[in-house]
Amino acid sequence: MRWSQSFIPTRKENPREAEIASHKYLVRGGFIEQHASGVYAFLPLARKVILKIENIIREEMNKIGAQEVLLPALTNSDVWKDTGRWESFGNDMFRLKDRWERELALAPTHEEIMTLLAKEHLKSYRDLPQIWYQIQTKFRDEPRPRGGLLRVREFAMKDSYSFDATWEGLDESYQKHKNAYLNIFSRTGLQVSVVKASSGLMGGSDSEEFMVLSKSGEDRIVYCPKCGYSANIEVAEARVGNPFVQSKFTKKEKVHTPGVRTVKEVAEFLGIEPSLIVKSLLYRTQDKRDILVLIRGDYEVSEAKLSKIYGQELQLSSREYILKKFNAEPGFIGPIDAPVDEIIADESIRNLSRFVVGGNRNDYHIVGVNLDDIKINRFADLREVREGDICLKCGGGLSLENAIEVGHIFKLGTKYSASLGAMFTDQNGEKKPIIMGSYGIGVGRIMAANVEVNHDDKGIIWPFSIAPYEVDIIEIDHKKTEDFAFKLYKELKSKGYDVIWDDRDIGAGAKFKDAELVGIPISVVVSPKKIKDGTLEVQVRKTGKQFDVREEELLSQLKNLKKEL
RNA sequence: CGGGGCGUAGCGCAGUUUGGAUAGCGCGCCUGGUUCGGGACCAGGAGGUCGGUGGUUCGAAUCCACUCGCCCCGACCA
């Protein structure tokens with residue numbers, strides 16, 4: 001391709017709305033253009049990158065025997081109602097009506113549609129196992145799109161689904177996907193951590209996420225540098241830092257604590273550690289039960305864990321509601337004689353004694369409290385793991401890191417097959433629900449995460465495998481070297497390189513800047529002076545190295561560079 | 001949905017506090033010329049419903065109300 005004829009609208013300045021590197025550079029480099037919040041147009045360069053990523057995905061999926069399909073994005077509401085997700089997806093699902101007022105949805109994912117297809121055709125254990133996948137646009141009405149391509153409302157996803165007759169078969173299909181995913185991410189130039197994850201709306205048992213460590217990521221993962229344990233913070237488990245503590249108070253009594261309502265203030269006021277305070281938080285379930293959550297003062301409640309325990313979203317109660325219910329400010333509520341339906345306590349308070357709780361009356365706390373003084377309905381792990389907590393597996397100290405989720409695999413089991421009646425007949429003539437798995441990859445996120453991880457202050461640094469072009473032929477003075485450059489261009493193309501020829505009649509500086517911004521791995525500079533001596537200059541984007549090569553050595557040099565990049 | 005911010009030429013911004021005449025600047029774009037190894041220079045030029053609607057006023061980019069859109073921080077997910 002000639003640059004002069006390409007549609008590559010690069011810009012000198014950062015777009016107003018972009019804050020993170022991938023967003024800035026993808027817009028500045030002329031890859032993407034925003035159309036609406038969380039909706040982007042993909043211009044030629046981005047399209048090329050995406051196609052390269054998709055092809056790598058296809059190769060790896062086909063390698064494990066998966067077959068590509070393409071299902072509708074516009075779907076009938078019935079299927080969603082059958083599995084209950086018409087309700088549970090809530091506002092995240094784009095819904096619409098046709099001219100006959102029939103309800104439709106733009107599919108946010110395809111478990112239902114795939115399962116229906118399986119139901120129609122997979123009738124016998126002889127038809128199993130199967131793996132079907134597609135690369136398709138999904139629609140989710142995200143509450144808050146952000147970070148350019150990191151969180152959008154319309155996005156390409158590779159989603160695959162496995163259908164097995166046995167649980168062992170599911171394990172195998174799952175493992176195949178895991179291996180394929182590791183290949184895909186490594187081939188697209190990403191280092192990923194595989195972490196235990198919450199299965200959320202998908203349901204099912206095991207699930208793991210593929211995470212790219214990046215400060216722009218909106219997920220947080222916990223990992224143990226010693227033994228390699230890693231998990232999404234939503235499900236991460238750990239032992240508390242200092243497990244047994246007893247306060248200086250020797251008997252239970254009410255003390256006046258005027259105006260001190262936060263844990264920090266109470267700790268300072270009473271002269272004790274925050275870990276000796278038991279924090280009480282009031283939550284409300286969807287079915288309107290009041291749950292008092294108790295947790296050690298130096299920890300935060302994980303609402304993800306809480307929701308999992310109750311199987312529904314819990315809402316932290318408002319100040320107004322607490323005032324009405326307790327006749328006290330939120331900072332002063334406590335578990336003793338609390339007017340609630342249930343008291344649930346985090347494991348972190350199990351070993352405490354003579355601790356401090358709210359007095360359920362403004363400006364009062366109760367000190368010297370023991371667990372016997374409280375009627376706790378149950379204990380559970382409700383804590384959000386903190387930096388420095390202790391690894392359950394090896395006793396090492398845990399670390400926290402931000403990450404971008406680029407893939408997620410689930411063992412679904414029979415949730416969808418059972419509710420939609422996708423049954424097969426086994427060898428004994430028994431009808432059983434098909435055992436399923438579902439596996440997703442965010443295609444656009446691979447692109448964005450790549451830029452997050454691979455960039456410098458000049459622009460993007462693509463890995464060779466997914467670069468929009470592999471080689472950029474840069475002419476210093478187009479008028480003088482056009483014939484030479486054209487020959488070189490044809491030659492490199494004939495050797496299979498994806499090459500762009502910067503034949504524009506503009507200053508060399510601008511061409512270098514564009515090449516760096518757009519992130520083409522290798523530039524070959526054609527200078528009128530140097531070609532007289534039979535040399536060309538090679539510039540390597542990643543290392544910043546520049547060196548001259550003899551014309552006849554160019555191809556072998558490129559071959560070597562290709563291996564490294 | 002709660003909190004914070006923004007909307008002025010294709011892009012990035014100033015002007016709004018304290019209302020006033022032809023709404024500015026840089027980049028980009030067009031024409032001519034000189035240049036040609038790190039976003040060139042000179043000369044000339046085009047380009048605006050000041051997000052929208054309604055109001056206040058002799059007069060609104062500027063004040064008021066409503067509204068639309070976008071970004072960032074918190075609860076979901078690829």
Side-chain angles (χ1 to χ4, degrees), chain A residues 9-20 23 27-28 30 33-39 88-93 108-110 135-160 181 197-202 207 209-212 217-219 232 234 283 301-304 306-307 313-316 318 404-410 438-449 458-459 474-481 504-517 523 525-530 537 539 546:
Chain A
T10 59
R11 307 182 193 184
K12 248 185 236 183
E13 276 155 323
N14 283 319
R16 182 212 306 266
E17 67 275 8
E19 299 225 329
I20 64 172
H23 193 189
V27 173
R28 277 188 53 195
E33 192 118 314
Q34 184 172 30
H35 172 256
S37 178
V39 181
S88 60
F89 257 112
N91 288 329
D92 285 359
M93 187 143 73
T109 175
H110 279 79
I135 298 173
Q136 206 234 30
T137 305
K138 306 289 192 243
F139 299 87
R140 291 183 192 172
D141 194 357
E142 294 287 344
R144 186 156 93 75
R146 75 189 101 178
L149 250 34
L150 285 186
R151 174 163 224 85
V152 288
R153 298 193 294 171
E154 174 184 319
F155 60 100
M157 173 160 117
K158 188 289 302 180
D159 49 322
S160 51
Y181 275 35
S198 149
S199 49
L201 261 184
M202 297 300 168
S207 100
E209 288 167 327
F210 295 76
M211 296 291 205
V212 175
E218 47 186 347
D219 278 289
N232 192 304
E234 292 181 352
Y283 279 88
V301 169
S302 160
E303 296 190 357
L306 200 58
S307 304
E313 288 287 305
L314 300 204
Q315 193 79 44
L316 191 62
S318 67
I404 300 164
E405 182 189 1
V406 289
H408 199 161
I409 56 180
F410 302 85
S438 111
Y439 317 86
I441 288 182
V443 180
R445 269 194 193 170
I446 291 184
M447 178 162 88
K458 294 174 178 157
I474 296 179
E475 283 185 280
I476 298 299
D477 190 342
H478 175 63
K479 289 197 186 90
K480 294 185 184 150
T481 57
R504 291 176 295 175
D505 194 15
I506 59 170
K511 298 187 182 188
F512 290 132
K513 295 286 188 211
D514 270 346
E516 284 157 351
L517 175 60
S523 293
V525 183
V526 176
S527 130
K529 284 176 214 140
K530 287 182 183 176
E537 180 179 310
Q539 296 189 3
Q546 310 186 0

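Residue numbering restarts at 1 for every chain, and letters A, B, ... go by the order of the sequence lines. Owing to the predicted nature of the structure, the values given are computational and were not obtained by experimental measurement.
- Rounded to whole Å, the P atom of B:C50 lies 15 Å from the corresponding atom of B:C63.
- If you take atom C1' in B:C25 and the same atom in B:C70, they sit 24 Å apart, rounded to whole Å.
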Pairs: protein N or O with nucleotides 39-41 of chain B N or O, under 3.5 Å:
from: B:G39; atom 1: O2'; to: A:K12; atom 2: NZ; distance (Å): 2.9
from: B:G39; atom 1: N1; to: A:D514; atom 2: OD1; distance (Å): 3.3
from: B:G39; atom 1: N2; to: A:D514; atom 2: OD1; distance (Å): 3.3
from: B:G39; atom 1: N2; to: A:D514; atom 2: OD2; distance (Å): 3.4

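- Atom name P, nucleotides B:G55 and B:C77: the rounded distance is 47 Å, in whole Å.
- With sequence neighbours excluded, the residues satisfying side chain to side chain donor-acceptor pair (under 3.5 Å) with A:T10 are A:D514.
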Report all interatomic pairs (protein N or O, nucleotide N or O of nucleotides 69-73 of chain B) with separations under 3.5 Å.
from: B:C70; atom 1: OP1; to: A:S37; atom 2: N; distance (Å): 2.7
from: B:C70; atom 1: O3'; to: A:Q34; atom 2: NE2; distance (Å): 3.4
from: B:C71; atom 1: OP1; to: A:Q34; atom 2: NE2; distance (Å): 2.8
from: B:C71; atom 1: OP2; to: A:S37; atom 2: OG; distance (Å): 2.8
from: B:C72; atom 1: OP1; to: A:G147; atom 2: N; distance (Å): 3.1
from: B:C73; atom 1: OP2; to: A:R144; atom 2: NH1; distance (Å): 3.3
from: B:C73; atom 1: OP2; to: A:R144; atom 2: NH2; distance (Å): 2.8
from: B:C73; atom 1: N4; to: A:R144; atom 2: NE; distance (Å): 3.4

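- If you take CD of A:E33 and C1' of B:C11, they are 10 Å apart, rounded to a whole angstrom.
- In this structure, the CG atom of A:N14 is 14 Å from the C1' atom of B:C13, given to the nearest Å.
- Near-neighbour residues of RNA chain B inside residues 440-448 of chain A, defined by a heavy atom below 4.0 Å, number-ordered: A:G442, A:R445.
- Pairing partner, B:C13: B:G24, with both Watson-Crick or wobble hydrogen-bond distances short of 3.5 Å.
- Where A:P15 and A:Q539 meet RNA chain B, the nucleotide closest to each residue was compared, and A:P15 sits on the side nearer the 5' end.
- B:C41 sits 12 Å from B:G26 when the P atoms are compared, rounded to a whole Å.
- Protein atom CG of A:D92 is 11 Å distant from nucleotide atom P of B:C76, rounded to whole Å.
- Of all nucleotides present, only B:A43 satisfies the Watson-Crick or G-U wobble test against B:U31, with each distance under 3.5 Å.
- Across B:A78, B:G38, B:C76, the shortest atom-to-atom separation from the side chain of A:Q546 is found for B:G38.
- Evaluation of A:F155 against the base of B:A78 yields a stacking contact (centre distance < 5.5 Å, interplanar angle < 30°).
- The separation between A:L316 atom CG and B:G2 atom P is 16 Å, rounded to whole Å.
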Protein and nucleotides 44-51 of chain B: nitrogen or oxygen contacts under 3.5 angstrom:
none

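- Here, B:U53 and B:C68 have their P atoms 15 Å apart, quoted to the whole Å.
- A salt bridge links A:E33 to A:R11: one of the charged nitrogens lies within less than 4.0 Å of a carboxylate oxygen.
- Salt bridge present: A:K530 and A:E537 bring a charged side-chain N and a carboxylate O closer than 4.0 Å.
- Base pairing annotation: B:C50 forms no Watson-Crick or G-U wobble pair, as no partner gives both donor-acceptor distances under 3.5 Å.
- Nucleotide B:G74 is matched to B:C1 when pairs are restricted to Watson-Crick or G-U wobble geometry with both distances under 3.5 angstrom.
- Remark: the separation of the C1' atoms in B:U17 and B:U31 is 43 Å, to the nearest Å.
- For A:R153, the salt bridge (charged side-chain N to carboxylate O under 4.0 Å, His left out) partners at least two apart in sequence or on another chain are A:D141.
- Separation of the P atoms belonging to B:A46 and B:G24 is 13 Å when rounded to the nearest angstrom.
- With a cut-off of 3.5 Å on both Watson-Crick or G-U wobble distances, the partner of B:C36 is given as none.
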